[in-house]
Amino acid sequence: MCAVRVYLGLAAKQRDVRPEVLDRVRAAIETAFPVPPEVIRGQEWHGRGVSLFGWSNEPDDTRLPRLLHDEGRIVGVNGHLADPADVSRLPDPDVGGCFSAWIAGDGRLTAATAVNRICPVFYAETDDLHLVGSRALLVHLAARPDERIRYDVLALQTMARQGYFLSDETPYEGVRALRPSSVVEIRDGRRTITEIPMPQASAPATKREKRAAIDELAQALLATVAPLRSAGEPVNLALTGGRDTRVLGALLHAAGVPFRATTNGLDTHPDVILARRLAARLKVEHTVIAPPQTEEKDAVLVEHPLSRAWETLRTCEGMTSAYESIVGYLPYSGKATMSGQGGETLRAGSLNLLQSDLTDKALLRRIRATFIKDEGLFSAAANEHAREIARPWEAHGNRLEALDHIYLWYRVGRWQAGARAGSLRRGDPVRPYLDNRVARVALGLDQAWRLSEEVIYALIMRFAPKLKDVPIEGKPWRFADGAARRWPWEHVPPPHLPTVKTGGGWNWRTSPGEALTDVLRQQVLGSLDALEPIVDPDAVRALFADPVVKKPGTAWHLYTVSTMLTGLYPGKEPEGLGRITVSRPDPGR
């Protein structure tokens, strides 16, 4: 389970951390922690040349390890450990859980990321100080001699392209994200960073080796949910007819963890049909939440983009686009919920899953397109910066592995890490696929084998063989598509149920209409001076030339960066903004 815990460590290069810096940190937390000030609970520890701050919105300090855990050294854990007793092992890279760690003692400060850096660590330095923290804005504010924020505009080119960071940069000048499976240590004022190598993937050659590999992955997954047996009430699993949540339902069943299932959709949708069958086979309570069945409407009213951008900047620190729907704040709850977030890790990552052509040329093209999207929209400096970031990945000898690691480093470690900050404010989401030990075991399995989906199918058969005859929703199992042969578990999966297109496919974000396009246009074109270092102004004007913008995702990304650079946050929440009417597109036009 996870909850928002915010940490900031300070290590002086010479003697002690100056009192005015400590006061600046205490004043900055309300700006950097996206929860109501009255729910923030903090602790501090100060030693020779080192200070460690911890804050949480948890109502008390009963969850282990404690906010600042004292066991002869001071330890802070952002996220959770699979076994709280493993706090004594940190920063051991093989510890299970979904976490980053801070360790403080006299003259010594250490911070460490897990293999997917889903709980990030950010670091910076000044003339007399090293800083490491879990919120990039907090690190920046603590490092600044005044309250003025300085943005790294060139670094924001990747935000404007993709809506998240495809680098270790942040929006804030001088602040960087620690890489996956890395340790930053400051000892007596000197900083060193150590990267622990990614697991070396290998392909099992025999059925016995395959069984052993599946056994290891199964045990790692079982360890992530074992603590839920004593949760006191059933876990709520968001269950669909797809792959990732099906594995989780089977996992909870095998682990003996009480759970209930919830599915959103109409009774005729394959997700609902198959989720009902899965729940019945597993003998668990199942609730279907149908969308509102109201009279057809030709328009919706949506919040003003400026309000949406303000909350996104506040929660995700400028590392997620306002195009994304961020989970809003609710008071902390200890109820355990579970979804399939990060499940692509067991299938070689979402970038590989997008590929039907697995030739070297096609995979290289995918790598380049990931980093250098919409080249004509950006400035020469921005494009060269993107190419520089892409070069090490283009030079990687194993393209499948490169795309697998790009997914983990950036899609999980930057995009998901930023976007999930909203949900973490609410309490205890359980994410087995994001567990450090699970991810490390998965990365050690050959990418082609994982991509075949044979691995996750074998897990379902291991955890709940009673599900073997329940079809999959969407596309066929990759390993069985077009095949008529029998598999090591002596079972051929049943035919899949194709995804059904329904009338609910219209989305106001992707079909913004003229009124919303005009609001996005006015903000972006009105701040081209701020964006000019990373965009081609004429190309951006052309992007908004039509009454309805044709690339709404890009428009939202540019809008987000524009509002950031023009000072929307930190600042007071916008007031008095009317809602925007977005009309349903006319199919005849």
Chi angles and distances behind the side chain to side chain donor-acceptor pair (under 3.5 Å) call for Ser562, Gln523: CA-CA 7 Å; Ser562 167; Gln523 170 64 37; 2.7 Å; yes

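- Aromatic ring pairs are classed by plane angle as parallel below 30°, tilted from 30° to 60° and perpendicular above 60°; the pair Trp55 and Phe53 is parallel.
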Derivation and outcome, salt bridge (Lys or Arg N to Asp or Glu O under 4.0 Å), residues Arg387 and Glu394: CA-CA 10 Å; Arg387 284 191 286 269; Glu394 291 175 322; over 6 Å; no

Criterion side-chain contact (heavy atoms from CB on, under 4.5 Å) on Arg176 and Glu169, from CA distance to verdict: CA-CA 5 Å; Arg176 294 185 67 85; Glu169 300 159 308; 3.6 Å; yes

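- Look at Glu388 and Arg391 and you find no salt bridge, because none of the NZ, NE, NH1 or NH2 atoms lies under 4.0 Å from a carboxylate O.
- Atom CG of residue Leu274 and atom CD1 of residue Ile472 lie 7.5 Å apart, to the nearest 0.5 angstrom.
- Remark: Trp449 pairs with no residue by the ring-ring contact (aromatic ring centres under 6.0 Å, His included) rule, at least two apart or across chains.
- In terms of modelled atom types and a separation under 3.5 Å, the side chain of Arg478 and the main chain of Leu353 share a donor-acceptor contact.
- Phe463 is linked by a ring-ring contact (aromatic ring centres under 6.0 Å, His included) to nothing, counting only residues two or more places apart in sequence or in another chain.
- Residues that satisfy the salt bridge (Lys or Arg N to Asp or Glu O under 4.0 Å) test with Arg246, not counting sequence neighbours, are absent from this structure.
- Rounded to the nearest 0.5 Å, atoms CD1 (Ile534) and CG (Asn383) are 10.5 Å apart.
- Judged by the 6.0 Å distance and 45° axis criteria, Arg368 is not positioned over the aromatic ring of Trp393.
- For His140, there are no side-chain hydrogen bond (donor to acceptor under 3.5 Å, both in side chains) partners, not counting sequence neighbours.
- For an aromatic pair to be called close, the ring centres must be under 6.0 Å apart, and Phe165 with Tyr410 fails this.
- Put simply, CG on Leu278 and NE2 on His253 are 12.0 Å apart, with the number rounded to the nearest 0.5 Å.
- Ring centroid separation for the pair Tyr7 and Trp102 comes in under the 6.0 Å cut-off.
- Between Asp435 and Arg440, none of the side-chain N atoms (NZ, or NE/NH1/NH2) sits under 4.0 Å from a carboxylate O, so this pair counts as no salt bridge.
- When all heavy atoms of Ala32 and Leu138 are compared, the closest pair comes out as CB-CB, 3.6 Å.
- By the salt bridge (Lys or Arg N to Asp or Glu O under 4.0 Å) test, Arg509 pairs with no residue at all, sequence neighbours left out.
- The aromatic rings of Trp310 and Tyr569 lie perpendicular to each other, with more than 60° between the two planes, well past the 30° mark.
- Every residue two or more places apart in sequence or in another chain was checked for a ring-ring contact (aromatic ring centres under 6.0 Å, His included) with Tyr123, and none qualifies.
- Not counting sequence neighbours, Glu216 has no partner by the side-chain hydrogen bond (donor to acceptor under 3.5 Å, both in side chains) test.
- Scanning for side-chain contact (heavy atoms from CB on, under 4.5 Å) contacts around Pro84 gives Leu64, Pro65, with sequence neighbours left out.
- Residues satisfying the salt bridge (Lys or Arg N to Asp or Glu O under 4.0 Å) criterion with Arg431, sequence neighbours excluded, are absent altogether.
- Sorted by first and then second residue, the pairs that involve residues 131-143 and meet salt bridge (Lys or Arg N to Asp or Glu O under 4.0 Å), not counting sequence neighbours, are Arg135-Glu317.
- Between Arg437 and Asp94 there is no salt bridge, since no side-chain N of the basic residue sits under 4.0 Å from a carboxylate O of the acidic one.
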Criterion side-chain contact (heavy atoms from CB on, under 4.5 Å) on Leu358 and Leu451, from CA distance to verdict: CA-CA 11 Å; Leu358 298 180; Leu451 187 58; 4.0 Å; yes

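- Under the side-chain hydrogen bond (donor to acceptor under 3.5 Å, both in side chains) criterion, Glu344 pairs with Tyr407, not counting sequence neighbours.
- Legend: residues meeting side-chain hydrogen bond (donor to acceptor under 3.5 Å, both in side chains) with Trp415, ordered by chain and number and at least two apart, are Glu324.
- Remark: Asp168 does not engage Arg414 in a salt bridge, criterion side-chain N to carboxylate O under 4.0 Å.
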